[in-house]
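Convention: sequence-line order gives letters A, B, ...; per-chain numbering from 1. Note that this is a predicted model, so its numbers are computed, not measured.
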Number of protein chains: 2
Amino acid sequence: MTIQKSLPLNANGVPLSAAEAQVLKNGLPSTLSDIDPSRLTITLASTLKTLPEPESLVFGEVTTDHMLYMDFSPERGWSQPQIMPYGPLNLDPASSCFQYCPNVFEGLKAYLALDGTPRLFRPQLNMDRMVISAERVALPPFNADALLTLIKRFVALEARWIPRVRGCSLYIRPTLIGTRASLGVTASTHAALYVVLSPTGPYIRNSEGKGISLLAMSDQVRAWPGGTGGYKLGLNYAPGFVAQRKAAALGYQQLLWLLGETVSEAGAMNVFAVFKRPDGELDVVTPPLDGTILPGVTRASVLSLLSYRPHITALPQLPTDVRINVSERVLTMSELFAASTADTLQEFFCVGTAAVVIPARRIGWQRSSADSSDVEDIRLPVVGGQGSLAQALWERLVDIQEGRVEWEGWGVTCTASD
Amino acid sequence: MTIQKSLPLNANGVPLSAAEAQVLKNGLPSTLSDIDPSRLTITLASTLKTLPEPESLVFGEVTTDHMLYMDFSPERGWSQPQIMPYGPLNLDPASSCFQYCPNVFEGLKAYLALDGTPRLFRPQLNMDRMVISAERVALPPFNADALLTLIKRFVALEARWIPRVRGCSLYIRPTLIGTRASLGVTASTHAALYVVLSPTGPYIRNSEGKGISLLAMSDQVRAWPGGTGGYKLGLNYAPGFVAQRKAAALGYQQLLWLLGETVSEAGAMNVFAVFKRPDGELDVVTPPLDGTILPGVTRASVLSLLSYRPHITALPQLPTDVRINVSERVLTMSELFAASTADTLQEFFCVGTAAVVIPARRIGWQRSSADSSDVEDIRLPVVGGQGSLAQALWERLVDIQEGRVEWEGWGVTCTASD
């Protein structure tokens, strides 16, 4: 089986595959309208909601007063974009989004800088990925820059919703769904693209900094070669719900997805393992983008920070004498267990837009579902905290996201006049 | 990797796995309302649509005047069922069905018997499968018998829509979607269950009985052990749209899905290969239900008809001296090519509710996407027609479906008083 090429995630490093570059370049036929920010109309809600307390925020439960909406028809292309009061979508029950699930989403966050300006973190990567994900399920392309311009205006309009508490933010959820109203099993000719916003606290409660617990199940598989794991599609997530429940019943907070015994992702996050070499240097390993793993923006950013030399410039919280070697390579459960036994496995952490960086304290492996009591555990000796890579990365990323540090143009401000 | 057990498809034969029997048995907690047909309310449309000509029907394009609708909340359970004018669903844009795709569907058909009574074909199998599919994506269970009672009443109410042309029917699409309005990546606490109806002609144009062409692509994979291929989930379909386009561009009508080089399904249909032994007997082979293959109702029915002895009773169109040996076992592309070269591969046909039975005339295999011109073809010597298994099965199934033949209680009539 052919393995898919890397997706375009690090604007500084990893190149687009030729096919992906083509997807982004192709765009719409010139006879159809692309997304046009100059045609934006804004209809404000007549009453505004009361802002929730930042401490009470649960990820994704509350949405703001408005939504950004546009749709696609094969006759005209993309409609005039609208910012309008948040409200239900009206869709034919035969619509493709319900029946065959050609549904794409993205996740990014807006933060408030010290001067009160909303900021986004590397949003162009999300926009490009969304176009590539759309192509994977045969949804129409769109101008990624135009969508970003609209999102910036929308976030500026909803800026009062951005929490002013460190580690909190306004989560941005662009969504693209197939709306062809027919039961024929074929690509959706019609689509709706909308963006909703949700003020959010920590994605997973990392209670008292103790890290999270992960369970790997060998008989539940998230993604495979020739499948869709490398794309941000809604359909990658529902198949994990039952496994997630099983993990919770066994006392674990998130799943660690495997393919065979190869480590893939954790929950909806990318993963990194940190091994200590005999000479004291650190080997930091993350699974390669082989088409089964989501090319995360946080993953790319962590790789970039870890590769920067001198590391003290990129990660000033780390001791000066740390030596870091980064690699993208296959990581297996056997390797993790062997390293744990040999005391060379030091940290294991998960990264993603929602969670930023979150350390694991414990990883269980259920080799067979036949005997659910048969779970072996790894306990991680370093679980965040002073001197850990997870903590240094979290601090640095949040500093960049919140505009306390400018870094390689990763922070992008939002103004109403964009 | 553990392979899933067979799903419950043949009421006469294949047993439920213990886990699946449990899913069906568990039902809802007694504190919640299950689907209750005695609470059905009916609101008729004020104007009715004009019936389309049966000859003009394209699968799934037209829907009838009404829909059957109910929804689930974790506080009360299932709502009062309603038959109401066909119209849009109003759903929060953050709903799980758009974001994470916990969406289940079923497909069955209503036919008109000679006396004008609507008939369904083995509908209990679809209802049971729907409950099991719902459980796979953590949607709430429901009483399968109650849903069937409602569907019978709904079909009786819409009986004018059942085409009176042989091979045409009223396609029934029960759909169950997650409607939790939150971006948290977790099981949907809320759901909507609805049924829409669509008068339909042949699913695929089998032009002049020449059969269809199939293309197998090695680098596109529909399902995987530990995935969801054995369940009727919307999310199994969108990932095939791009491959379907590629197949069409190469001149093939449908995809033949592989896992490695093992044959899986064709388009949204199960497949059968017919080999001729040196002694003249026929070996009929279909891939086993290993969890990657949908346990089709037509598949189960074909297996049952082919296994019946004397075969002339089940399949009177076949010559009396035919000897048929049926097996569910792994089928590989290499085996098909070798048998084609040795002139022992006689037929290859696809079966499903929409298509019933449709023969292939040609099977291409693109071993690598790197060179799209590199497609090798098998041509089938028998493509439907007199004496073929595909034709004998199609005739018999349609006779049973349309009530010209009563067979093992497979036909179920619909009346308004059910």
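Taking the side chain as every heavy atom from C-beta outward, A:F98 and B:F105 never approach each other to under 4.5 Å. Side-chain contact between B:P239 and A:L235 is present, with heavy atoms from C-beta onward closer than 4.5 Å. In this structure, the side chains of A:V185 and B:F241 come closer than 4.5 Å at one or more pairs of heavy atoms. Side-chain contact check for A:D92 versus B:Y86: some heavy-atom pair is nearer than 4.5 Å.
Options B:G107, B:A223, B:A181 differ in how many heavy-atom pairs under 4.5 Å they form with chain A, and the most are formed by B:A223. Between chain A and the residues B:T175, B:T63, B:V62, B:V196, the most heavy-atom pairs under 4.5 angstrom are made by B:T175. Among A:V242, A:L91, A:N236, the residue making the largest number of heavy-atom pairs under 4.5 Å with chain B is A:L91. Listed options A:G60, A:P102, A:P93 were ranked by heavy-atom pairs under 4.5 angstrom with chain B; first place goes to A:P93. Heavy-atom pairs under 4.5 Å with chain A peak, among B:C97, B:G240, B:S95, B:G178, at B:C97. The candidate from A:R222, A:Q99, A:M67 with the greatest count of non-hydrogen atom pairs under 4.5 Å with chain B is A:Q99. With chain B as partner, the option from A:N103, A:L139, A:L89 having the largest number of non-hydrogen pairs under 4.5 angstrom is A:L89. Among A:R173, A:E261, A:E61, the residue making the largest number of heavy-atom pairs under 4.5 Å with chain B is A:R173.
In this structure, A:A187 and B:R245 approach most closely via the heavy-atom pair CB-NH2, 3.6 Å.
The contact between B:R180 and chain A is made entirely by side chain atoms (from C-beta outward), counting heavy-atom distances below 4.5 Å. Neither the backbone nor the side chain of B:Q244 comes within contact range of chain A; no heavy atoms are under 4.5 Å apart. Heavy atoms closer than 4.5 Å to chain A are found in the side chain of B:I177, but not in its backbone. Using a 4.5 Å cut-off between heavy atoms, A:Y69 does not touch chain B at all. For a residue to count as touching a neighbouring chain, one of its non-hydrogen atoms must lie under 4.5 Å from one of that chain's; by this rule B:V137 touches chain A with backbone and side chain alike.
Remark: A:F72 pairs with A:W78 by the ring-ring contact (aromatic ring centres under 6.0 Å, His included) rule, at least two apart or across chains.
If you take CG on A:L183 and OG on B:S198, they are separated by 5.5 Å, rounding to the nearest 0.5 Å. With values rounded to the nearest 0.5 angstrom, A:C101 atom SG is found 8.0 Å from B:L233 atom CG.
Note on ring orientation: taking the six-membered ring where Trp is involved, the planes of A:W224 and B:W224 are parallel (angle under 30°, cut-offs 30° and 60°).
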